[in-house]
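Values in this document were obtained by computation on a predicted structure and should not be read as measured data.
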Amino acid sequence: MKKSILILICFLLSFSGSAKDTFTSEQLIEKAKTFVAAKNARQQPNTTTKE
């Protein structure tokens, strides 16, 4: 049990160590706008382009 917890902690730390990208507020706003545009562009099943 202790070994599996240790492996899990090491696994999580490896992800946090590789996530060192820092973004400016302008970059975050641009990424958010791109995400919202992509989300809004999805067409739901059983709908037409007129809806």
Side-chain angles (χ1 to χ4, degrees):
M1 182 68 178
K2 290 181 181 180
K3 191 174 185 179
S4 62
I5 292 174
L6 180 63
I7 291 171
L8 179 64
I9 291 172
C10 291
F11 185 70
L12 292 174
L13 288 176
S14 69
F15 276 123
S16 65
S18 65
K20 293 185 181 195
D21 294 335
T22 55
F23 296 107
T24 65
S25 61
E26 294 169 353
Q27 289 173 320
L28 291 174
I29 290 170
E30 187 61 36
K31 288 183 179 293
K33 287 179 182 178
T34 305
F35 173 78
V36 170
K39 184 181 77 64
N40 290 338
R42 290 188 310 180
Q43 184 177 353
Q44 297 297 320
N46 301 325
T47 59
T48 64
T49 55
K50 292 179 183 178
E51 297 175 340

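- The side chain to side chain contact (heavy atoms under 4.5 Å, CB included) search around Ile7 returns Lys3, not counting sequence neighbours.
- With sequence neighbours excluded, the residues that form a side chain to side chain contact (heavy atoms under 4.5 Å, CB included) with Leu6 are Cys10.
- Cluster partners of Val36 are Phe35, counting Ile, Leu, Val, Met, Phe, Trp and Tyr whose side-chain heavy atoms approach within less than 4.5 Å, directly or via other members.
- Contacts of Thr34 classified as side chain to side chain contact (heavy atoms under 4.5 Å, CB included), with partners at least two apart in sequence or in another chain: Glu30.
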